[in-house]
Amino acid sequence: MLSAILAVVGLVVGFSASTVVVKKKMSSSETNAQKELEKAKKEANKLVEQAKEEANKSIEETKKEEQSRRKELQEIEQRLVSREENLDKKLDELDKRTEKLRVSEDEIEQLKNEIRDIRLKQQEKLEKIAKLSKTEAAQKLMEMTERDIKNDLVGLIFKLQNEAKDEAEEQAALIITSAMERMASEVTAERTITSIKLEDEEMKGRIIGKEGRNIQALQKATGVDIMLDDTPGYIVLSSFDPVRREVAHQAIEMLIKDGRIHPGRIEEIVEKAQKNVEKDVIKAGEDAAREVGVIGIPKEILHLLGELRYRTSYGQNVLKHSTEMAHIAAMIAEEIGADVKTVKYAALVHDLGKALTHKIEGKHHHISGEVLRKYGAPEEVALAAEQHHDDIEATSVEALIIRVVDAISASRPGARNISAENFTERMKELENIANNFNGIEKSYAISAGRELRIFVKPKQIDDLSAIKLARDIATKIESTMQYPGTIKVNVIRETRAIEFAK
C-alpha cells in the first residue's frame with residue numbers, strides 16, 4: 001500500500017517537473033521567435049529603404065535624360081529655323097538676280113535692234129552713192145575679175161592637171177611595181193578537206209567503232225564530215241570551217257597514237273585538241289606581228305589575228321594575205337612619205353572582222369574598225385582598216401595605201417578561188433538558218449552541204465518537237481536558199497545521265 005502511494009506521489013512530482021520544463025521551453029521559443037521577427041522586420045525595412053533610394057535615383061536619371069533630349073530638340077529646332085531663314089534669303093537673292101538678268105536681256109536685245117537699224121541705214125547710203133545693190137556690186141566685181149583672168153586661169157589649170165596626172169601615174173606605177181618586185185610570197189589556195197594517212201586498215205574499223213559509235217561521237221564533237229572508204233589508207237576530213245577541220249585532225253592523230261578509242265575518250269581528246277588549237281591561234285597572232293615588225297598590239301587583237309590563220313577569203317588564207325599586205329604597204333609608205341608604222345599595223349589587222357563575221361552582224365571592215373577601237377588600237381589605224389573598201393570614203397593617205405595593197409594582194413593570179421568561197425558561204429548560211437531556231441545546241445553542215453546535222457537541247461525539245469523542227473528548218477531552207485539537188489535535215493536529240501561513283 002505504501003509503495004503504491006509512493007508511486008503515485010512520484011508520478012505527480014514527475015508530471016509537475018515536466019510541466020515546468022515544458023513551460024520554460026515554450027517561453028524560450030516565444031522569446032526566440034520574437035527576436036527573429038524583429039530581425040526580419042529590420043531587414044525588410046532596410047530593403048524598402050534601398051528600393052526607395054534606387055527608385056529615386058532612376059527618377060533623377062530619367063529627369064536628366066529628358067532634360068537633355070529636350071535641349072537637343074530645342075537645338076535642332078533652332079538650326080532648322082536658321083536654315084529656313086537662310087533659304088528664304090537665298091531665294092530672295094535669286095529672285096533679284098533673275099530680275100536683273102531679265103532687264104539686262106531686254107537692254108541687249110534693244111542694242112541689237114539699234115545696231116541692225118544702223119547697218120541698214122549705212123547699207124542704204126552706200127547703195128545710193130554707188131547706185132548698185134549689195135548683190136549687184138558683188139556680181140559686177142566677180143564678172144570683171146573673171147573676164148580679166150579667166151583665160152589665163154583655164155590654161156594654167158589645164159596644164160597643171162595634165163602634168164600632175166602624167167607624173168602621178170608614172171610615179172604610182174613605179175612605186176607599186178617596185179613594191180611588188182621586192183615582195184615575194186607563196187601562193188597557196190586553201191582547200192576544204194584534210195587527209196590523214198593510216199598505217200593499217202584495221203585502224204579504220206577501230207575509228208568507226210561498234211555500230212559506228214566512235215565515228216558518230218567524233219562527228220558530233222567536231223562537226224566535221226569523216227570519210228573512210230573513199231581513199232584506201234587515208235581518212236578524209238571534210239568541212240568548210242578550217243578551225244573545226246584542224247581540231248578533228250589533231251584529235252584523230254592523238255587517238256591513233258593513244259590507241260584507246262571510245263566515245264568517252266573521244267570527248268576528252270577533242271577537248272584537248274581544241275585547247276591545242278587555241279594555243280596555236282595565240283602563237284600565230286604573235287608570230288605574224290613579229291614578222292611584220294609591229295609591237296604593242298593588245299593581246300585581244302593578237303588573239304583575233306591568230307584566228308585568221310584558220311580563215312580563208314575566196315580560198316586565200318587571210319593571215320598570209322594580211323602579212324603580205326603589211327610588207328607591201330610598208331614599202332609604198334616609205335616611197336610616198338606616209339606613216340609606215342600606221343600602215344603596217346592597219347594592213348595587218350584590216351581583215352580582223354573576218355574572225356567575227358559568224359558572231360557579229362555587219363560587213364567585215366566595219367567590224368574591224370569597231371573591234372580595233374574597242375581594244376585600244378590607235379584611231380588612225382582603226383580608220384585605215386575600216387576604210388579599205390569603197391563603201392567608206394578614205395580620209396587619209398594610209399587608208400588609200402591599205403585599199404591599194406588589198407587589191408594588189410587579192411588580184412595576183414592564183415591567190416583566190418571564187419568557187420571555194422561561194423561554197424563556204426553556202427555552208428555558213430545553212431548553219432545560220434538552223435541556229436536561228438530555239439533549242440539548238442549545235443549545227444553542222446556536212447557532206448558538201450547535202451546534209452545539215454542538228455543537235456538539240458533535250459530539255460527544251462521533245463521527240464514530237466524534233467520532228468516539227470526538222471520540217472520547219474527544211475521549209476526555211478527551201479524558201480531562202482538556192483542549191484542543187486536536195487539537203488537532208490537531220491535533227492538529233494540525245495539525253496545523257498551522268499553520275500560519279502566515289
Side-chain angles (χ1 to χ4, degrees), residues 192-194 207-209 212-227 235 237-252 254-255 261-278 281 307 310-311 355-361 423-477 480-481 483 487-498:
T192 59
I193 61 172
T194 301
I207 291 173
I208 294 171
R213 291 176 183 172
N214 292 344
I215 194 170
Q216 288 176 8
L218 267 170
Q219 289 179 339
K220 178 184 176 182
T222 60
V224 173
D225 197 10
I226 302 173
M227 296 172 284
I235 299 174
L237 309 178
S238 176
S239 174
F240 71 92
D241 189 330
V243 177
R244 295 183 196 165
R245 209 164 63 243
E246 179 62 21
V247 170
H249 182 194
Q250 292 191 17
I252 290 174
M254 285 190 283
L255 284 168
I261 305 176
H262 54 81
R265 183 62 177 166
I266 286 169
E267 290 184 359
E268 294 176 8
I269 292 296
V270 169
E271 186 177 352
K272 185 177 179 181
Q274 288 171 341
K275 291 179 180 178
N276 289 343
V277 170
E278 180 70 14
V281 163
E307 289 188 13
Y310 300 103
R311 294 285 181 266
L356 296 167
T357 49
H358 60 295
K359 300 178 183 178
I360 302 174
E361 292 185 0
F423 168 78
T424 301
E425 290 299 325
R426 187 158 66 86
M427 298 299 99
K428 289 181 179 179
E429 188 175 355
L430 270 175
E431 291 186 357
N432 289 336
I433 287 174
N435 291 332
N436 286 332
F437 286 82
N438 294 326
I440 305 299
E441 183 177 1
K442 297 177 183 177
S443 62
Y444 301 123
I446 60 175
S447 300
R450 293 188 297 273
E451 180 179 353
L452 182 60
R453 186 168 295 175
I454 303 160
F455 296 90
V456 299
K457 298 175 182 177
K459 292 183 179 180
Q460 296 183 20
I461 306 293
D462 56 21
D463 291 338
L464 291 176
S465 299
I467 296 170
K468 183 177 182 300
L469 181 63
R471 180 67 262 167
D472 292 343
I473 293 174
T475 303
K476 183 74 172 177
I477 293 171
T480 58
M481 291 186 65
Y483 50 90
I487 297 175
K488 178 183 177 183
V489 179
N490 188 3
V491 176
I492 301 170
R493 179 176 181 269
E494 180 185 60
T495 303
R496 293 189 182 188
I498 300 173

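For clarity, every value in this text was computed on a predicted model and none was experimentally measured. Counting begins at 1 with the first residue of the sequence. Heavy-atom basis, side chains included; hydrogens, waters and symmetry copies ignored.
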*Asks:* Is any side-chain heavy atom of L237 less than 4.5 Å from a side-chain heavy atom of I252?
*Replies:*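 L237 vs I252: side chains touch.
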
*Asks:* Given side chains that start at C-beta, do those of I477 and I487 come closer than 4.5 Å, heavy atoms only?
*Replies:*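 When only atoms from C-beta onward are counted, I487 and I477 do touch, with a gap below 4.5 Å.
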
*Asks:* Are Y444 and R244 side-chain neighbours, meaning at least one heavy-atom pair lies under 4.5 Å?
*Replies:*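 SC-SC contact between Y444 and R244 confirmed.
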
*Asks:* Let me see the working for N438 and L469 under side chain to side chain contact (heavy atoms under 4.5 Å, CB included), right down to the final yes or no.
*Replies:* CA-CA 9 Å; N438 294 326; L469 181 63; over 6 Å; no

*Asks:* What's the separation between atom CD1 in I208 and atom CD in Q216, rounded to the nearest 0.5 Å?
*Replies:*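 Separation between the atoms: 11.0 Å.
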
*Asks:* Decide yes or no for L255 and L218: does some side-chain heavy atom of the first lie under 4.5 Å from some side-chain heavy atom of the second?
*Replies:*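 Contact flag for L255/L218 side chains = yes.
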
*Asks:* So how far is it from Q274 CD to T222 OG1, rounded to the nearest 0.5 Å?
*Replies:*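 Going from CD on Q274 over to OG1 on T222, the span is 9.0 Å.
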
*Asks:* What pairs with D462 under salt bridge (Lys or Arg N to Asp or Glu O under 4.0 Å), at least two apart in sequence or on another chain?
*Replies:*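 Salt bridge (Lys or Arg N to Asp or Glu O under 4.0 Å) check on D462 returns nothing, list empty.
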
*Asks:* Could you go through I473 and L452, starting from their C-alpha distance and side-chain angles, then the distance that decides it, and tell me whether this counts as side chain to side chain contact (heavy atoms under 4.5 Å, CB included)?
*Replies:* CA-CA 10 Å; I473 293 174; L452 182 60; 4.0 Å; yes

*Asks:* Thinking salt bridges, do K468 and D472 make one under a 4.0 Å N-O criterion?
*Replies:*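 Result for this pair is yes, salt bridge flagged.
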
*Asks:* Looking at CD of Q250 and CD1 of I269, how far apart are the two atoms once the value is rounded to the nearest 0.5 Å?
*Replies:*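 Between atom CD of Q250 and atom CD1 of I269 there are 11.0 Å.
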
*Asks:* Quick one: closest heavy-atom pair of G209 and N214, and the distance?
*Replies:*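 Taking G209 first and N214 second, the nearest heavy atoms are CA-ND2, 3.4 Å.
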
*Asks:* May I ask you to test the R493-D463 pair for a side-chain heavy-atom distance under 4.5 Å?
*Replies:*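 Yes; the side chains approach each other to less than 4.5 Å.
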
*Asks:* Listed by chain and number, what are the side-chain contact (heavy atoms from CB on, under 4.5 Å) partners of I492, not counting sequence neighbours?
*Replies:*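 With sequence neighbours excluded, I492 shows a side-chain contact (heavy atoms from CB on, under 4.5 Å) to R453, F455, N490, given in chain and number order.
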
*Asks:* Could you walk me through whether E268 and E271 pass the side chain to side chain contact (heavy atoms under 4.5 Å, CB included) test, one step at a time?
*Replies:* CA-CA 5 Å; E268 294 176 8; E271 186 177 352; 5.9 Å; no

*Asks:* Checking side chain to side chain contact (heavy atoms under 4.5 Å, CB included) against I461, which of V491, V456, I467 comes through?
*Replies:*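 Of the listed options, the one satisfying the test is V456.
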
*Asks:* So how far is it from I433 CD1 to I440 CD1, rounded to the nearest 0.5 Å?
*Replies:*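 Rounded to the nearest 0.5 Å, the CD1-CD1 separation comes out at 12.0 Å.
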
*Asks:* State whether the side chain of E431 and the backbone N or O of A445 hold a donor-acceptor pair below 3.5 Å, judged by distance alone.
*Replies:*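 Indeed, once roles are kept as given, a pair shorter than 3.5 Å links the two residues.
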
*Asks:* Just wondering, do I235 and M227 contact through their side chains at under 4.5 Å, heavy atoms?
*Replies:*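 SC-SC contact between M227 and I235 ruled out.
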
*Asks:* Hey, could you give me the CD1/NZ distance between I266 and K220, rounded to the nearest 0.5 Å?
*Replies:*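 It comes to 12.0 Å.
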
*Asks:* Between atom OG1 of T480 and atom CG of N436, what is the distance when rounded to the nearest 0.5 Å?
*Replies:*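 Rounded to the nearest 0.5 Å, the OG1-CG separation comes out at 9.5 Å.
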
